[in-house]
Every structure is written in C-alpha cells, then in structure tokens.
Amino acid sequence: MIDIASGHPAIDRYLSKNYEQVRGMSSRFAAAICGHLIRRQSELGIGGELVEIGTFEGRFFIAMALGLAPGEKALGIDRFDWPNAGVETRFLANCAAHGIASERFVSWKADSREITSDALRNKLGQRPVRFVHIDSHHSRECLTNDLELVHPLLHLDGIICLDDMLHPGYPMMASAVFDYFARHPEMRLVCVIDREDIVAAPKFLICRNDMFARTQQDLLNAFARFHFILNADMETYFALVLTPHPRLAEVE
Ligand SMILES: C[S@@+](CC[C@H](N)C(=O)[O-])C[C@H]1O[C@@H](n2cnc3c(N)ncnc32)[C@H](O)[C@@H]1O
C-alpha cells in the first residue's frame, strides 16, 4: 500500500482502515490528495459545499464528506440504477457506517443530464461549491454536460476533479476537457494525479487561473516525493504531475 495521507485525521482513518472495503473505483492515492486539498481549503477559509456526480456506493464521496467543515454539506448525485437497484441502499448504508451523519449529506437520485444549474443551486441552498468530483457516464457528451452544470456554481477558489482522464478505455473524454478550457479560459489544468491501476485511472484537477500557482505550490509542499519532475505539457503552461512511483525512462 502506498504511504500517503491527507493530513485530515478523519479522512486518514477512513483511508487506512475502510476505503478499500467500500466498493468503488477511485484510487486511495487520489483520495488522499483530494482530501488534502479539502483540508487546505478549510484552513484557508474557503467554505462551501462538496458535490460528486457518480457516487456509486460512496467510496470517494465518504472521503470527501469527512473533510467537511461544520455547517457544510456534501451532495451525491447518481442514477442509482447500475449494476442493480440496491446501489442507493448500499450508498446510504456505507455513509452511515463510516461516519457521515444524515444531516451532513444529500443523496439525489437523478441523471445529471436532466438537471439544470438552477435546480442544482436550489438543492445546494444557494451556497457555492468548493470541491466537485465528476465521475458519471464516461462520454464526451456527459462530461461536457457535467462541467457546464457545475461551472456556474463553483466557488472562485474551488476545485473540479475529473475521474478516468487518459483512461485507455475512454480516450474521447479528454477532448471534452480541452473544449471546456477553450470556452472558459479562466480555468486551467492544475494537476494530473496518475493512475494506480486500470480500474483506478488518472484524475485531472482544475481550478481558476488565480488559484493555479498557490495550488501547485501547496501540492508540491505536501507531496514532493510523488512529483514527476517533467510535469504535464499544456503547451502554454505546465500542470503538475503526481504519481505513486515517480521515475524517468532509462535511456542509457
Ligand atoms: C465509476 S462509477 C463511480 C465511482 C465512484 N465515484 C468511486 O469513486 O468509487 C460511475 C457512477 O456514475 C453513475 N452515472 C453514470 N451516468 C450518470 C449520469 N448521467 N448521472 C448521474 N449518475 C450517473 C453510475 O450510476 C455509477 O454509479
């Protein structure tokens, strides 16, 4: 097991003892890095709600929700129809079993393509979203929908995390992200979190230009030993790359 922690005691207890027992797909490596960012947001006074589109049985949702500050809520959106109808019951049971009290989260059974930003805003009690994890249908069309759905609600210092970027099975999803950057030039790819496995593939972290340098420096301070020093070439800037086993190809 990779020795990595978020620095948030409740998140780290869950990551070390229970994370892999909750059925799901996101890597523990990525959950620790995202938990760290949620903890740092709280320390910096960045408040708001957490949203996950595609909660499945709650593996990643619980890690994020454990990082909530008092008075904040996590919203989990899922169709809850795959692989069978019992998935929402298992999601709710997992939240209860791992310390997410019912008043701290909302479960919303819906297809994200049938939700409007206004409906989402109402569900969030008009509060901004400080951290979003998008992990729903792995298509260009659905990712485009989900990015535009959350974009107007994002806290100015908020972070969007995208699952299964650069996954061999979903090469077209990356183009939805680059089209999003063309429509929203104030947003940037701040970090690529590398894969652990074919079923725990890379994540992209996105933030506004103003938060870019600060977020990268913070991630470097915390996770220098996971830094791939060549970074990710975005043509006009470099995104940070964090990988479980950093190394360069041997050329001699
Ligand atoms: C890969 S699983 C999510 C895994 C989970 N985030 C984790 O880290 O363990 C994808 C989930 O997205 C849900 N889903 C797919 N398309 C959706 C949509 N358009 N709206 C809401 N949920 C969707 C599926 O029902 C499924 O539970």
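Here the structure is a predicted model, which means the values were calculated and not measured.
- No donor-acceptor distance shorter than 3.5 angstrom exists from the side chain of His98 to the backbone of Ala96, with no hydrogens or angles considered.
- A donor-acceptor distance shorter than 3.5 angstrom exists from the side chain of Glu196 to the backbone of Phe29, with no hydrogens or angles considered.
- Enclosure of atom CD1 in Ile229 is not indicated, since only 12 or fewer non-hydrogen atoms of other residues, nucleotides or ligands lie within 6.0 angstrom.
- The side-chain heavy atoms of Pro152 and Arg121, taken from C-beta on, include a pair separated by under 4.5 Å.
- A donor-acceptor pair under 3.5 Å is formed between the side chain of Glu72 and the backbone N or O of Gly48.
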Steps toward side-chain contact (heavy atoms from CB on, under 4.5 Å) verdict (Thr144, Asp179)
CA-CA 8 Å; Thr144 300; Asp179 288 348; 6.0 Å; no

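- His36 and Asp218 share a donor-acceptor pair across their side chains, judged by distance under 3.5 Å alone.
- Between the side chain of Tyr19 and the backbone N or O of Asp12 there is no donor-acceptor pair closer than 3.5 Å.
- Under the 4.5 Å side-chain contact rule for hydrophobic residues, Met234 and Val241 share a cluster.
- Residues Met211 and Tyr180 fall into different hydrophobic clusters, defined by Ile, Leu, Val, Met, Phe, Trp and Tyr side chains chained together at heavy-atom separations under 4.5 Å.
- Using a 4.5 Å cut-off on side-chain heavy atoms (C-beta onward), Arg28 and Met1 make contact.
- Cys34 and Cys161 make their closest contact through SG-SG, 3.9 Å (heavy atoms, listed as atom of the first residue, atom of the second, distance).
- The cluster map of Ile, Leu, Val, Met, Phe, Trp and Tyr, joined by side-chain heavy atoms under 4.5 Å apart, puts Ile193 and Tyr237 in the same cluster.
- More than 12 heavy atoms of other shown residues, nucleotides or ligands fall within 6.0 angstrom of atom CZ in Arg90.
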For Cys191 and Thr215, run side-chain contact (heavy atoms from CB on, under 4.5 Å): C-alpha distance rounded to whole Å, both residues' side-chain angles, the deciding distance at 0.1 Å, then the answer.
CA-CA 9 Å; Cys191 180; Thr215 306; over 6 Å; no

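- The main-chain N or O of Gly99 is never found under 3.5 Å from a side-chain atom of Arg104 such that the two would form a donor-acceptor pair.
- In this structure, Phe204 and Leu166 have side chains that are in contact, with non-hydrogen atoms separated by less than 4.5 Å.
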Let's go through Arg130 and Asp157 carefully: what are the C-alpha distance in whole Å and the side-chain angles of both, what is the deciding distance for side-chain contact (heavy atoms from CB on, under 4.5 Å) to 0.1 Å, and is it a yes or a no?
CA-CA 7 Å; Arg130 62 158 154 142; Asp157 298 334; over 6 Å; no

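- We find the CZ-CD distance between Arg59 and Glu20 to be 6.0 Å, quoted to the nearest 0.5 Å.
- Both Val22 and Ile11 are part of a single hydrophobic cluster, where members link through side-chain heavy atoms under 4.5 Å apart.
- In the model, Ser26 has a side-chain atom that pairs as donor or acceptor with a side-chain atom of Lys203 under 3.5 Å.
- You'll find the side chain of Ile2 reaches within 4.5 Å of the side chain of Phe226, heavy atoms only.
- A heavy-atom distance below 4.5 Å is not found between the side chains of Val177 and Met173.
- Interatomic distance, CG of Leu120 versus CG of Leu75, reported as 6.0 Å (0.5 Å rounding).
- Grouping the Ile, Leu, Val, Met, Phe, Trp and Tyr side chains by contacts below 4.5 angstrom, directly or via other members, places Leu156 apart from Leu147.
- In this structure, CG on Leu205 lies 9.0 Å from NE2 on His133, to the nearest 0.5 angstrom.
- Between Phe105 and Leu92 there is a side-chain heavy-atom pair separated by less than 4.5 Å.
- The shortest non-hydrogen separation linking Tyr14 to Leu66 is CB-CD1, 3.4 Å.
- The closest donor-acceptor contact from the side chain of Gln216 to the backbone of Val190 lies under 3.5 Å.
- Between Met187 and Ile206, the shortest heavy-atom distance links the atoms CE-CG2, 3.9 Å.
- Using modelled atom types, no side-chain atom of Glu88 and backbone atom of Lys109 make a donor-acceptor pair closer than 3.5 Å.
- The residues Glu141 and Arg113 are annotated as salt-bridged, a charged nitrogen and a carboxylate oxygen being separated by less than 4.0 angstrom.
- The distance from atom CD1 of Ile33 to atom CD1 of Ile4, rounded to the nearest 0.5 Å, is 4.0 Å.
- Residues His184 and Glu148 have side chains that bring a donor and an acceptor to within less than 3.5 angstrom of each other.
- The local environment of CZ in Arg225 is crowded, with over 12 non-hydrogen atoms from other residues, nucleotides or ligands closer than 6.0 Å.
- Between Ala119 and Ile115 the shortest heavy-atom distance is CB-CG2, 4.3 Å.
- Side-chain contact check for Ile159 versus Gln41: some heavy-atom pair is nearer than 4.5 Å.
- Of the possible polar contacts, none joining the Asp197 side chain to the Ser27 backbone as a donor-acceptor pair under 3.5 Å is found.
- Atom CG of Leu189 and atom CZ of Phe178 lie 7.0 Å apart (nearest 0.5 Å).
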One pair to check against side-chain contact (heavy atoms from CB on, under 4.5 Å): His138 and Leu143. What are the steps and the verdict?
CA-CA 7 Å; His138 286 17; Leu143 180 54; over 6 Å; no

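- Contact record, Phe80 with Trp108: CE1-O, 4.1 Å, taken as the closest heavy-atom pair.
- Between Trp82 and Phe56, the angle of the ring planes lies from 30° to 60°, which puts this pair in the tilted group.
- Of all heavy-atom pairs spanning His227 and Leu220, the tightest one is ND1-CD2, 3.5 Å.
- Looking only at side-chain heavy atoms (C-beta outward), Leu68 and Ile100 stay at 4.5 Å or farther from each other.
- The main-chain N or O of Ser6 is found under 3.5 Å from a side-chain atom of Arg39 such that the two form a donor-acceptor pair.
- Rounded to the nearest 0.5 angstrom, Glu52 CD and Ile77 CD1 are separated by 9.5 Å.
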